[in-house]
Amino acid sequence: MTISATYVPSDNVSQLRESATIAVSQRARALKAQGRPIIDLGAGEPDFDTPPFIRRAASRALEEGATRYTAVEGILPLREVIAERANREYAGSDPVTPQDVVVTTGSKQALFNACFTLFGSEDEVLVPTPAWTSYYEMVELARANAVPVRGAPSHGFKVTAEDLLRHTTERTRGVILNSPCNPTGAVYTAAELGELVQLAEERQWWLISDEIYGRIAYDGAAAGVLSLARARDHLVIVDGMAKAWAMTGWRIGWAIAPAAVARTLTALQSHTTSNATTVAQHAALAALREWEASEREITRMVAEYRRRRDAAMELLRSRPAPAVVRPDGAFYLFIDVGATAPPGSGAGTAFATRLLEEHGVAVVPGAAFRTPDWIRLSYAAALADVVEGVRRVLALWRSLTAERGSVRPDGATGG
């Protein structure tokens, strides 16, 4: 059976765009399959294996019969330990309970469920930009409007309360925050984040805080919203196992929300995916219960990310070189390649395409994050690949800017 040539997508998905980050990875894999030596710095996925003690726990759980359905919202022991750890941060008076926790098939599902549950037609949701590409699509799938809010590049694109207020209308219903940030690696200080939390509380906006990179920070722990909020009645925290524990394929995330919201999230999930994979839930439970073992593994991985970041930044300090956001968390470099093409031409996409096809390095064009003159490079890869990839980025950038005469001898961009 073939689909009719007259097929037209429904209004539900007619504006939906493919994930640009996944598209880059697919193209890199296709070129590798052709025998091309490709350095893939596009994917936002740790290159480490899941720690052995977590894998062993999964094996034990399988042997003990963890192969059946669970409660839609997840097994109670996992929700209990998530709530317990959340309460170690929360500064408010209404403690997190297991009934406030919904375990999901990755943090992506938690984010989608929250957007689909909290927002609707004509609502506006503020999205500090650049931001992970799926935020915009999730808001639009909920038939709401994503409103990009651009922070200053000199400040790592981090937004202020004043930035948010300039984009506020009577239809504003929420804001999505992410720190450490994908794609920039910027980390909000406690004071910066507290200002945004206070504004959301005053305006009674729904605040969705994506904290999936929260454990990957290089100058002390990244501030979390729970440590700053006075109440949780308009707050949804999203987190998961993918990044810090190198458990991307296990697909375990969660949302912490007011109990009434958590019940609605659960009801929605009951009609889509039902429970997250049972054995993966038990693996996550072991990771969160065996905290000392987790701390050792996370510390080891973060130290290696730092080593790669420092090596890449050392190369990018040479002149001439493009501007780059200094990443204090996550594992991304966000690089300005606007000087390589005429203004408004989408320099990032052209640069990323040429870098992959001619120089064998996969990165994500900034258009995916609503910043078309930039590219995102992931250093969740072997140190040698990161160093060589950055060298090729620099070589192409210098070649293109020299052709255009858009860089002065001191390395500053010109007209």
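Computed from heavy atoms alone, side chains included, the values below leave out hydrogens, waters and symmetry copies.
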Exercise for review: Without swapping roles, check the side chain of Asp385 against the backbone of Ala382 for a donor-acceptor pair under 3.5 Å.
Suggested key: no
**Study point:** For Glu357, all residues meeting salt bridge (charged side-chain N to carboxylate O under 4.0 Å, His left out), sequence neighbours excluded
**Key:** Arg27
Check your understanding: Got a sec, which residues hit salt bridge (charged side-chain N to carboxylate O under 4.0 Å, His left out) with Asp94, two or more places apart in sequence or on another chain?
Key -> Arg232
Point to revise | Parallel, tilted or perpendicular: rings of His234 and Trp206 (30°, 60°) | key: tilted
Check your understanding: Taking only residues two or more places apart in sequence or in another chain, which ones pass side-chain contact (heavy atoms from CB on, under 4.5 Å) with Glu292?
Key -> Arg296
Review point. Would you call Arg88 and Glu84 a salt bridge, taking side-chain N to carboxylate O under 4.0 Å as the test?
Key: yes
Practice item. For Tyr218, enumerate each residue passing the ring-ring contact (aromatic ring centres under 6.0 Å, His included) test, keeping only those at least two apart in sequence or located in another chain. Key: none
Practice item. With sequence neighbours left out, write down each residue that passes side-chain contact (heavy atoms from CB on, under 4.5 Å) with Ser134, or none if nothing qualifies. Key: Lys108, Trp132, Met138
Practice item. Report the residues that fulfil salt bridge (charged side-chain N to carboxylate O under 4.0 Å, His left out) with Arg171, sequence neighbours left out, ordered by chain and then residue number. Key: Glu124
Review point. Quick one: side chain to side chain donor-acceptor pair (under 3.5 Å) pairs with a partner in residues 178-188, sequence neighbours left out?
Key: Asn182-Arg376
**Study point:** Residue pairs, two or more places apart or on separate chains, that pass side chain to side chain donor-acceptor pair (under 3.5 Å) and touch residues 147-156
**Key:** His155-Glu192
Review point. Mind checking what makes side-chain contact (heavy atoms from CB on, under 4.5 Å) contact with Arg143, not counting sequence neighbours?
Key: Asn12
Revision key, fill the gap. Glu295 meets the side-chain contact (heavy atoms from CB on, under 4.5 Å) criterion, sequence neighbours left out, with Arg215, Trp291
**Study point:** Check: Ala43 main-chain N/O paired with Ser378 side-chain donor or acceptor under 3.5 Å
**Key:** yes
Exercise for review: List for me each residue that meets side chain to side chain donor-acceptor pair (under 3.5 Å) alongside Arg391, sequence neighbours excluded, and say none if there are none.
Suggested key: none
Check your understanding: Can you list every salt bridge (charged side-chain N to carboxylate O under 4.0 Å, His left out) pair that touches residues 40-60, not counting sequence neighbours?
Key -> Asp47-Arg308
